[in-house]
There are 2 protein chains.
Amino acid sequence: MGITIQEASRRSGLSAHTLRYYERIGLIHEVERDPSGHRAYTEADLAWLDFLTRLRSTGMPIADMCRYAELRRRGPETTAERRRILEAHRERVRTRIARLTEDLGILDYKIDFYATTEAR
Amino acid sequence: MGITIQEASRRSGLSAHTLRYYERIGLIHEVERDPSGHRAYTEADLAWLDFLTRLRSTGMPIADMCRYAELRRRGPETTAERRRILEAHRERVRTRIARLTEDLGILDYKIDFYATTEAR
DNA sequence: GCTTGACTTCGAGCGCGCTCTAAGCGGCAA
DNA sequence: TTGCCGCTTAGAGCGCGCTCGAAGTCAAGC
């Protein structure tokens with residue numbers, strides 16, 4: 001028996017609404033149904049959802065994720081392109097981390113300044 | 001003589017529209033005007049805008065930035081509270097970087113996997 | 001004097017990523 | 001049987017952060 005949408009929601013951290021939305025826009029294939037028409041997720045679905053949430057949390061736009069998902073559905077002959085997409089994305093994430101780290105330094109500086117100002 | 005909005009835009013990386021918007025919502029005080037009513041920014045304004053863009057790029061919501069800006073206008077007796085806001089924000093940024101770094105590892109793993117799959 | 005162009009205000013509009021609603025169905029417990 | 005709950009669909013609505021548009025003013029150049 002499959003995993004209910006509530007359980008999938010709990011384990012993925014995505015709301016049931018969002019899970020249906022992701023399916024509607026093709027981020028995830030059409031999920032299996034139980035006899036009464038309710039969605040029945042598999043462990044593989046959850047693994048894919050987990051990967052999707054990582055792409056999202058690293059700032060990949062939904063449209064790009066859709067493109068990636070579409071390539072994945074097309075099968076193994078698209079692995080090179082998928083790899084290129086991930087490589088480009090990785091580069092953006094690295095840039096992002098670098099920028100955040102720099103800004104963190106500014107925050108440290110500012111906080112120190114306040115601390116010493118207060119101490120005076 | 002002051003800095004025009006176009007020049008402020010170029011130097012801050014924010015559009016002229018966004019500069020006016022930031023002023024409208026109180027992120028920046030009412031900017032000085034030249035005799036014909038055009039905005040004339042100062043170097044201090046630009047420094048503040050630069051700090052604002054760092055708060056934004058590190059993910060602080062506009063509403064929180066407004067609160068911070070308001071405290072700043074209220075003067076030196078609000079430094080302790082401003083420091084606390086920045087400290088809390090710094091913590092979120094650190095968490096953010098940690099999460100991004102973790103996700104970067106997943107990307108590396110996935111890319112390696114594609115690379116070895118293609119090589120076979 | 002007239003055009004041009006950059007500025008002004010302020011409200012409307014937009015793109016993204018959800019998030020919710022309305023209306024309906026299926027299954028179970030009392 | 002009735003009530004209830006959670007699921008279903010498709011489309012509408014929302015919050016955020018801009019972004020744009022319309023209508024008007026002003027200064028400079030021809």
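Atoms considered below: every heavy atom in the structure, side chains included; atoms not considered: hydrogens, waters and symmetry mates. All chains are named by letter (A, B, ...) in the order of the sequence lines, taking the proteins before the strands, and each is independently numbered beginning at 1.
Nucleic acid contact for B/Arg56: sugar-phosphate only, since backbone atoms but no base atoms lie under 4.0 Å from a heavy atom of the residue.
If you check the side chains of A/His29 and A/Asp45, you find a donor sitting under 3.5 Å from an acceptor. Judged purely by distance below 3.5 Å, without hydrogens or angles, the side chains of A/Thr58 and A/His89 pair a donor atom with an acceptor atom. Checking A/Ser12 against A/Asp50 by side-chain atom types alone, no donor-acceptor pair falls below 3.5 Å.
Residue B/Gln6 places at least one side-chain N or O closer than 4.0 Å to OP1 or OP2 of C/dC7. In this structure, A/Arg39 does not reach the D/dC7 phosphate: none of its side-chain N or O atoms is under 4.0 Å from OP1 or OP2.
Ion pairing between B/Arg67 and B/Glu70 fails under the 4.0 Å rule for side-chain N and carboxylate O.
The CG atom of A/Leu19 sits 11 Å away from the P atom of D/dC7 (whole-angstrom rounding). In this structure, the OH atom of B/Tyr21 is 16 Å from the P atom of C/dA12, given to the nearest Å. If you take CE of A/Met60 and P of C/dC16, they are 15 Å apart, rounded to a whole angstrom. One atom, CG of B/Leu27, and another, C1' of D/dC18, lie 12 Å apart when rounded to the nearest Å. Atom pair B/Leu52:CG and D/dG17:C1' shows a separation of 14 Å (rounding to whole Å applied). B/His17 places its NE2 atom 12 Å from the P atom of D/dA22, with the value rounded to the nearest Å. Atom pair A/Arg33:CZ and D/dT8:C1' shows a separation of 7 Å (rounding to whole Å applied). Counting to the nearest Å, the P atom of C/dT9 and the OH atom of B/Tyr22 are 18 Å from each other.
Classified by interplanar angle (parallel below 30°, tilted 30° to 60°, perpendicular above 60°), the ring pair A/Tyr68/A/Trp48 is parallel.
Nearest-nucleotide assignment on DNA chain D puts the 5′-proximal partner with B/Arg24, out of B/Arg24 and B/His38. Heavy-atom distances to DNA chain D give each of B/Ala63 and A/Gly37 a nearest nucleotide, and the one nearer the 5′ end belongs to A/Gly37. Between A/Leu14 and A/Pro35, the residue whose closest nucleotide on DNA chain C is further toward the 5' end is A/Leu14.
Distance from the side chain of A/Ile62 is smallest for C/dC18 among the nucleotides C/dC18, D/dC18, D/dC26. With C/dC18, D/dC18, C/dC7 as the candidates, the nucleotide lying closest to the side chain of B/Ile5 is C/dC7.
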